[in-house]
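Notes for the one structure printed next.
All chains are named by letter (A, B, ...) in the order of the sequence lines, taking the proteins before the strands, and each is independently numbered beginning at 1. What's counted below: heavy atoms across the whole structure, side chains too, no hydrogens, waters or symmetry copies.
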2 protein chains.
Amino acid sequence: MAIFLSTYVNKVDRKGRVSVPASFRAQLTPQNQPGIVVFRSFKLPALEAGGFDRMEEMSRRLETLEQFSEEYDSFSALFADMQQLPCDPEGRIMLPGDLAEYAGITDSAAFVGGGPTFQIWQPQVFARHQAEVRAKAKEKGLTFPARRPGEGS
Amino acid sequence: MAIFLSTYVNKVDRKGRVSVPASFRAQLTPQNQPGIVVFRSFKLPALEAGGFDRMEEMSRRLETLEQFSEEYDSFSALFADMQQLPCDPEGRIMLPGDLAEYAGITDSAAFVGGGPTFQIWQPQVFARHQAEVRAKAKEKGLTFPARRPGEGS
DNA sequence: CCATGATATCCCATGAATTCCCAAAAGGCG
DNA sequence: CGCCTTTTGGGAATTCATGGGATATCATGG
């Protein structure tokens, strides 16, 4: 299973292209489908992304929900919002205008590893968000590795 | 299970490379991935580090949480701050500038064994920290956790 | 069905940063 | 005292991000 780590900030050129970090690409190439799949995050001003296999996984999970339930509908709506972005030979993607706009991305983009998936942010917006999350994590005392649920300190 | 013991101080050369202590490497080589995973400690001016397997475990645990839940988010945020640092053939890693800066590391780094993981410190900062911790432990008369029922030897 | 313009894709070039490779110092051990 | 492992150093080769020009693809209107 692919694992996306660390944060990389790359430039968006005037044609709207951005390099996907090489280490992310390395996680993606094993797939049959080249490129990434992206959709707008529910909660955050950012884009959720992953390999094609990740979306297949989400599709399988969706099937565990009851069809015609409200939950099912809202998640299946996610798939309507997804776009598959192919990589060019140099490993870049073209960020469609509507997605870039949603995330507020203009001249550079932060690729943020999140384990099995990753996100794409406007760098400064991410920096603020990251600071908040880090403060919370500190409160909660998350460590490396995080304590297992049930394994009280 | 890898166990990291003792403290080693190695030099950082002008390219930003440091040797990982040979005994640490010996603990890491059994893994498929050569190299270590590092992130900034929440509480301390130091870097937390471990083998790649630690991180895979985190990723697996993350998969057991519901995506888009708050718990999932704060957990996956840890990955954004982690960096996988591969070893070169001589057993060195490249310490990225932002991490080195966070720990105040410039020309030498202390690798501090911490059992299943280890830390990387600026040597003098670590010396002070070490002294404090020992003093506190003595004061409090710390005890070591007993074995839990049901856990393997 | 063709012409036209805009968009997207490919291909190559450049500079910077990283990684490899070889080799010398330093330290440990018999 | 000499051998072996480990650390350290630097030059060469490679990878990577980025930019621009040329070519292909698509949608639109005629």
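A distance of 11.0 Å separates CD1 of B:Ile93 from CZ of B:Arg25, quoted to the nearest 0.5 Å. Within the model, atoms CE of B:Met94 and CG of B:Asp88 stand 10.5 Å from one another, a figure rounded to the nearest 0.5 Å. Distance check: B:Asp13 CG to B:Asp107 CG gives 11.5 Å after rounding to the nearest 0.5 Å. Note that the OG1 atom of A:Thr117 and the CD1 atom of A:Ile3 stand 11.5 Å from one another [nearest 0.5 Å]. Note that CG of A:Leu85 and CG of A:Leu95 are 7.0 Å apart. Values are rounded to the nearest 0.5 Å. Summarising the geometry, atom CZ belonging to A:Phe4 is positioned 13.0 Å from atom OG belonging to B:Ser76; distances are rounded to the nearest 0.5 Å.
Taking the six-membered ring for Trp and the full ring otherwise, the centers of B:Tyr8 and B:Phe111 sit at least 6.0 Å from each other. With ring centers used as reference points, B:Phe39 lies 6.0 Å or more from B:Phe79.
Annotation: the terminal axes of the helix from C:dC1-D:dG30 to C:dG30-D:dC1 meet at 40°, where each axis is the rotation carrying the C1' atoms of four end pairs onto the next four (5 pairs per end, rounded to 10°).
Checked for salt-bridge contact, A:Arg60 and A:Glu57 meet the test: a charged N lies under 4.0 Å from a carboxylate O. Using a 4.0 Å cut-off between charged nitrogen and carboxylate oxygen, B:Glu63 and A:Arg61 count as a salt-bridge pair.
Applying the salt bridge (Lys or Arg N to Asp or Glu O under 4.0 Å) test to B:Glu101 and every residue at least two apart in sequence or in another chain returns nothing.
When the nearest nucleotides of DNA chain D are assigned to B:Ser19 and A:Ser23 by heavy-atom distance, the more 5′-ward of the two goes with B:Ser19.
Taking every heavy atom of residues 2-13 of chain A and every atom of DNA chain D, pairs under 4.0 Å involve A:Asn10, A:Lys11, A:Asp13, by number.
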Go along nucleotides 18-30 of chain C 5' to 3' and tag each nucleotide: B for a protein heavy atom under 4.0 Å from its base, S when only backbone or sugar atoms are that close, - otherwise. SBBBB--------

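Nucleic acid contact for B:Val18: none, since no nucleic acid atom lies under 4.0 Å from a heavy atom of the residue.
Through side-chain heavy atoms spaced under 4.5 Å, either directly or across other Ile, Leu, Val, Met, Phe, Trp or Tyr residues, B:Trp121 is tied to B:Leu44, B:Val112, B:Val125, B:Phe126.
A:Phe118 is not listed as a side-chain neighbour of A:Val38, based on a closest heavy-atom distance of 4.5 Å or more.
Taking a heavy-atom distance under 4.0 Å as the criterion, the stretch of DNA chain D touched by chain A extends 5' to 3' from D:dC16 to D:dA22.
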